[in-house]
2 protein chains.
Amino acid sequence: MTRRVTSFDVAARAGVSQSAVSRVFSGASASKATADRVREAADALGYRPNVLARSLITGRSRIIGLVVAYLGNPFYPDALERFSRDLQDEGYHTLVFTVPEGAADTDTDRIIQQMLDHQVDGIVLASVGLGDALAARCEAAGIPVVLFNRGQVGSGLAQVTSANRLGGAKVADFLVAGGHTRIGHVAGWQGSSTGRDRTEGFVARLAELGQDCVGVEDGRYDHAEAVRATDDLLAKGVDALFVGNDHMAFAVMDHLRCTLGLSVPNDVSVVGYDDVPMAAFAAYDLTTVRQPVGRMVKTTVAALINQIEDKSAQAEVTEIDGPLILRGSARIPEGLQ
Amino acid sequence: MTRRVTSFDVAARAGVSQSAVSRVFSGASASKATADRVREAADALGYRPNVLARSLITGRSRIIGLVVAYLGNPFYPDALERFSRDLQDEGYHTLVFTVPEGAADTDTDRIIQQMLDHQVDGIVLASVGLGDALAARCEAAGIPVVLFNRGQVGSGLAQVTSANRLGGAKVADFLVAGGHTRIGHVAGWQGSSTGRDRTEGFVARLAELGQDCVGVEDGRYDHAEAVRATDDLLAKGVDALFVGNDHMAFAVMDHLRCTLGLSVPNDVSVVGYDDVPMAAFAAYDLTTVRQPVGRMVKTTVAALINQIEDKSAQAEVTEIDGPLILRGSARIPEGLQ
DNA sequence: CGTAATTTTGCACACCTATGCAAAGCCTCG
DNA sequence: CGAGGCTTTGCATAGGTGTGCAAAATTACG
């Protein structure tokens, strides 16, 4: 194990000063002649700038902290992959922290603290909230935070979500147009903004259309809870279910078909939310509201980088609209067929 | 945005030298009296050691680089989550790089290079190989590499896989015991050790049992390819299929049932490999060989840390056995029922 | 109480790069 | 050819911590 080769070594070989080497590699101005000689010497010695030293002095690590929960829901691996790629394209790297299932707030706090220790240039919280105290700490440290797929009113944080209320409303329109009259809702976790917004938009639109939602049960984004909720709603005689995300919808469909022997969509229509890749699998063929992950991620990255480069930039709140994808898990209205 | 508080600030407030502060926070020897005063001052000022400066001088970043591909296969998000958690428990953090679908080797090379730039203390490659040149570079830089779910003979790298040959053999035993006589194989990508090993173990055991595999088609761990392979094998009249991983098995089952209208397992038995959570979903209820992710990840982390802390440690090759999980996608032999 | 052994502490430097500043070099134009 | 403007270069220092070394303080022991 040999000693690392430093900018001094390169400088010596190229017959210039260390600062010349630094300037060449940090893109500052340098004459073509010296630049060439420096590069040649660097190649010969196998020199690469020490990222740590560079970060220490510039105060910028070019690392983004990404906190993600619910990795069992395929929506998030997909998002994670895109974050990693898009950030890489922008010259950033991704320090990933996962939040365990029964995540206490103190867990999140500790994670954020560790990110601050690592001098990350920015933080993305995917479906994870942030306490006011910590938000203030990030603010003080000048580290921008963007919430992905989660809102937090009054936090002053930038956030990117899909148009959840509108999405819920679209489902209401669709199910009513399909002639359903006893519509139930296995809600996304009501402790999350996404869950609440989808529910709100759905129930409100149903009311506008002159229907009462037969029942709303919190499925907490969990398989077992979703199944329990489904049983409760079936007892009320529903003929259609709007489920708060695809991940739960699969559990609901399995339960309806395989455990109870019901037919989807003949006995019960099921509509999900997210349009994860599995929703298109023939076994489920799930009608669902698409969350445009690609655009959501790109928007998040853009907002983050914007705030990093321009500290005075406003924290924007963005909602991205996504279409309802018609498949076979719910009765399709005549007109749309 | 205030200036960071440094160890000098703490030292001044506590009335000691900067090195005393350093020693308290790096766990070196210090008298109880000064340690208490330092901690008190640090708390009052909100001091936290600068990780970058610390890494710069110690040469250890406490960051592990994790390269992962195939995030669309739920096996890997699961592994990723466990890596993140287990490494966190050991005081390490995880820098994640994803390799895009059509990953050229140059992509991987560039990623490894970037990891070296970041002074990672170790590297985990999940289902990704490593060229000899780069392996040598890591070796020279004193950075241990462990392959996860992938072998590479002659590389001299540590690796952790499941007992793939044995697993393939178990499937052969099971299908033959189930009375199948025309058995086909949608293989895992034959460019990967896991794919080859499973195929090898499977075909060899079939031969021992006096059967020829009706056909072997490379599914390349890809949905569309797996479907194409299935069609080819069906044309040869198979009554059972061993599919190289669960992810492809789902596509195969969807194709058999929904496109072709065949019954699984009555017309064709299907067996997968991995036992991802979805395999237990009622819609698939897939018989499959379990890869014990938890143990595989823990073993990988242990091997990595062992090599980090003891540079002379041997690079171990570990295979972890996993059981065949009996479910409803394949005919179950009388005796086992 | 004196001396030796041990622990604790401070000093100074190392880690490696970026950058402000002033000097030196170059070019332009009258 | 000379003055003025612009670019390039080197010097020196900062960024925040860990650590070897020697001095100081403490303890142990005869």
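First the proteins, then the strands, lettered A, B, ... as listed; each starts at 1.
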Item to check | Step-by-step side-chain contact (heavy atoms from CB on, under 4.5 Å) determination, A:Asn50 to B:Leu56 | outcome: CA-CA 9 Å; A:Asn50 185 322; B:Leu56 178 59; 3.9 Å; yes

Checklist outcome for this item: Per-nucleotide protein contact along nucleotides 22-27 of chain D, 5' to 3', at a 4.0 Å heavy-atom cut-off (B base, S sugar-phosphate only, - neither), is ------

Checklist outcome for this item: Expected string for nucleotides 11-16 of chain D under the B/S/- scheme (protein heavy atoms, under 4.0 Å, primed atoms plus P, OP1, OP2 as sugar-phosphate) is BB-BBB

Identify every side-chain donor-acceptor pair in residues 122-138 of chain B under 3.5 Å, counting partners at least two apart or on other chains, and give the distances.
{"residue": "B:Arg137", "atom": "NH2", "partner": "B:Gln113", "partner atom": "OE1", "Å": "2.0"}

Item to check | Spacing between A:Phe25 atom CZ and C:dT17 atom P, to the nearest angstrom | outcome: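 From A:Phe25 CZ to C:dT17 P: 10 Å.
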
List the residues meeting side-chain contact (heavy atoms from CB on, under 4.5 Å) with [X], not counting sequence neighbours, and say none if there are none.
X: A:Glu90; result: A:Tyr92, A:Val301, A:Ile305
X: B:Val51; result: A:Asp117, A:His118, B:Ser55
X: B:Thr318; result: B:Val160, B:Thr299, B:Glu316, B:Ile320

Item to check | Contact list for residues 7-19 of chain B, test salt bridge (Lys or Arg N to Asp or Glu O under 4.0 Å), sequence neighbours left out | outcome: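 Applying salt bridge (Lys or Arg N to Asp or Glu O under 4.0 Å) to every pair that reaches into residues 7-19 of chain B, excluding sequence neighbours, yields B:Arg3-B:Asp9.
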
Next on the checklist: Any donor-acceptor pair under 3.5 Å linking the side-chain atoms of B:Ser19 with those of B:Ser22?
Outcome noted: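 Judged by distance alone, the side chains do not pair up.
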
Next on the checklist: Under the ring pair (Phe, Tyr, Trp, His ring centres under 6.0 Å) definition, can you give me all pairs with a residue in residues 9-64 of chain A, not counting sequence neighbours?
Outcome noted: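 Passing the test, one end in residues 9-64 of chain A: A:Phe25-A:Tyr47.
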
Item to check | Residues forming a salt bridge (Lys or Arg N to Asp or Glu O under 4.0 Å) with A:Arg110, sequence neighbours excluded | outcome: A:Asp107

Item to check | Selection: residues 31-45 of chain B, any non-hydrogen atom under 4.0 Å of DNA chain D | outcome: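 Under 4.0 Å from DNA chain D: no residue of residues 31-45 of chain B.
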
Next on the checklist: Strictly distance-based, threshold 3.5 Å: is any side-chain N or O of A:Thr94 a donor or acceptor partner for the main-chain N or O of A:Val96?
Outcome noted: no

Next on the checklist: Checking the side chain of A:Arg4 only, and the main-chain atoms of A:Arg48 only, is there a donor and an acceptor separated by less than 3.5 Å?
Outcome noted: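 Side chain of A:Arg4 to backbone of A:Arg48: a pair is present.
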
For residues 76-84 of chain B, which side-chain N or O atoms pair as donor and acceptor with protein atoms under 3.5 Å away, sequence neighbours left out?
{"residue": "B:Tyr76", "atom": "OH", "partner": "B:Asn149", "partner atom": "ND2", "Å": "2.9"}
{"residue": "B:Asp78", "atom": "OD1", "partner": "B:Arg82", "partner atom": "NE", "Å": "3.0"}
{"residue": "B:Ser84", "atom": "OG", "partner": "A:Thr98", "partner atom": "N", "Å": "3.4"}
{"residue": "B:Ser84", "atom": "OG", "partner": "A:Thr98", "partner atom": "OG1", "Å": "3.0"}

Checklist entry - Given the rule in the salt bridge (Lys or Arg N to Asp or Glu O under 4.0 Å) test, do B:Asp36 and B:Lys32 qualify, once you have shown the distances and angles that lead to the verdict? => result CA-CA 6 Å; B:Asp36 286 347; B:Lys32 177 116 175 41; 2.9 Å; yes

Checklist entry - So what does A:Val21 hit on the nucleic acid, given a heavy-atom distance under 4.0 Å: a base, only sugar-phosphate, or nothing? => result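 If one applies the 4.0 Å heavy-atom cut-off, A:Val21 turns out to touch nothing in the nucleic acid.
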
Checklist entry - Between the two end axes of the helix from C:dC1-D:dG30 to C:dG30-D:dC1, each built from 5 base pairs, what angle do you get to the nearest 10°? => result 30°

